[in-house]
Amino acid sequence: MKKLLLLGDIHANYPALKAILNYIQPDRFDWIINTGDFTVYSTFPNETIKWFRERKNAICILGNTDRLILRILKGKKLKKPKKEEKRVMYFWTSKNMHSENITYLKSLPQKTDLTLGHIRIGVFHGTSDDPDEELYPSAPERRFHELAKDSPYQVQIMGHSHVPFYKVVDGVHFINTGSVGRMFDGDPRASFAILKVSSGKITVEHFRIPYAVEEVVKGLKNHDLPDIYAKMFRIGKKLN
Ligand SMILES: [Fe+2]
């Protein structure tokens, strides 16, 4: 049997990542998947990226926030997001990233895949079609049929919508890990999933666990970052 730890949308929330790692003992996993968005909205991008950088069995891709950080670091203009408080977070992150972590982000793809026995697994930030597509479990069934059609992958792992779900459509297993570090559903606990593949059988389990939210709040306050994010982490809701 192969065991995969599925993480995503950490958003520099290292206290949340740490809580998960203390809870599940990462060494028990064959692979650790990260669907991207390592960065922005909390003040621990370096700690977060370093942890993945040092793991030989980590399979990581970039999310939209990571892509924007790399754009800023290239000296490109930031057109979006427009809201000042969001821009502040992007600029703070790009200024505070350590060079080895920038190099690591630059090395990552926007999507990837792996094969376990006869099972092919695709890893995406949004969907297999579009890294910026937010796929919710409530999306029309038609959309899942489209994504399943001609899919070379029996399992599609994704993030970006920050909504954990597991759905099997036309034989394709769609798994959204939920967000480790920035939940939107009013439950601030960290979300992750475990995927087990055993002689062609696939099982998926989601988890929500508490973490030290006040460590994140302290980080934001120490760097004079907008209060709206302290509130966002405390209540687990998108506020802007
Ligand atoms: Fe995200």
Side-chain angles (χ1 to χ4, degrees), residues 5-17 19-20 32-49 51-52 58-72 78 80-83 85-94 97 101 105 108-112 123-139 156-165 174-193 206 208 211 213 216 219-220 225-226 228-229 231-233 235-240:
L5 173 60
L6 311 185
L7 305 169
D9 294 282
I10 300 168
H11 288 285
N13 189 338
Y14 188 63
L17 175 63
I20 293 174
I32 297 173
I33 308 283
N34 178 359
T35 62
D37 275 6
F38 290 83
T39 56
V40 185
Y41 299 113
S42 183
T43 56
F44 309 96
N46 290 305
E47 293 83 345
T48 301
I49 296 169
W51 189 83
F52 287 95
I59 298 177
C60 301
I61 59 169
L62 293 174
N64 50 298
T65 60
D66 309 319
R67 288 190 341 252
L68 276 188
I69 291 299
L70 292 177
R71 270 182 71 86
I72 295 170
L78 187 66
K80 271 183 176 177
K82 288 219 171 353
K83 283 193 180 119
E85 71 237 22
K86 285 193 167 189
R87 298 175 71 83
V88 166
M89 299 307 290
Y90 278 92
F91 289 122
W92 183 90
T93 304
S94 56
M97 291 270 287
N101 293 331
L105 278 193
L108 294 180
Q110 286 198 47
K111 60 182 178 181
T112 190
V123 181
F124 311 99
H125 186 63
T127 65
S128 52
D129 267 358
D130 176 0
D132 293 325
E133 180 179 353
E134 291 179 359
L135 188 68
Y136 296 96
S138 57
Q156 296 190 14
I157 300 170
M158 61 197 76
H160 192 46
S161 69
H162 296 207
V163 177
F165 68 81
F174 293 91
I175 308 162
N176 191 307
T177 65
S179 171
V180 169
R182 192 182 176 223
M183 286 307 291
F184 291 160
D185 61 0
D187 176 353
R189 291 177 304 164
S191 173
F192 69 98
H206 281 91
R208 293 294 283 272
Y211 74 94
V213 178
V216 177
L220 292 164
L225 292 166
I228 192 169
Y229 295 109
K231 197 172 175 200
M232 177 193 81
F233 286 109
I235 66 173
K237 269 205 168 152
K238 192 174 189 175
L239 297 174
N240 62 1

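It should be emphasised that the depicted structure is a prediction, and the values quoted were computed from it without experimental measurement. Positions are given from 1 along the sequence. Remember, it's 1-based here, ligands and their atoms both numbered in the order they're listed.
Note on ring orientation: taking the six-membered ring where Trp is involved, the planes of H11 and H162 are tilted (angle from 30° to 60°).
Checking N64 against D132 by side-chain atom types alone, no donor-acceptor pair falls below 3.5 Å. Using a 3.5 Å distance cut-off with no hydrogens or angles, the side chains of N13 and Y41 do not pair a donor with an acceptor.
Distances from the Fe ion (ligand 1) show that H162 has an N/O/S atom below 2.8 Å. Counting backbone and side-chain atoms alike, H125 contributes no N/O/S atom closer than 2.8 Å to the Fe ion (ligand 1).
The Fe ion (ligand 1) is closest to atom OD2 of D37 (considering only N, O or S atoms). Among the heteroatoms counted here (N, O or S) of D9, OD1 is the one nearest to the Fe ion (ligand 1).
Side chain of H160 to backbone of T127: no donor-acceptor contact under 3.5 angstrom is found.
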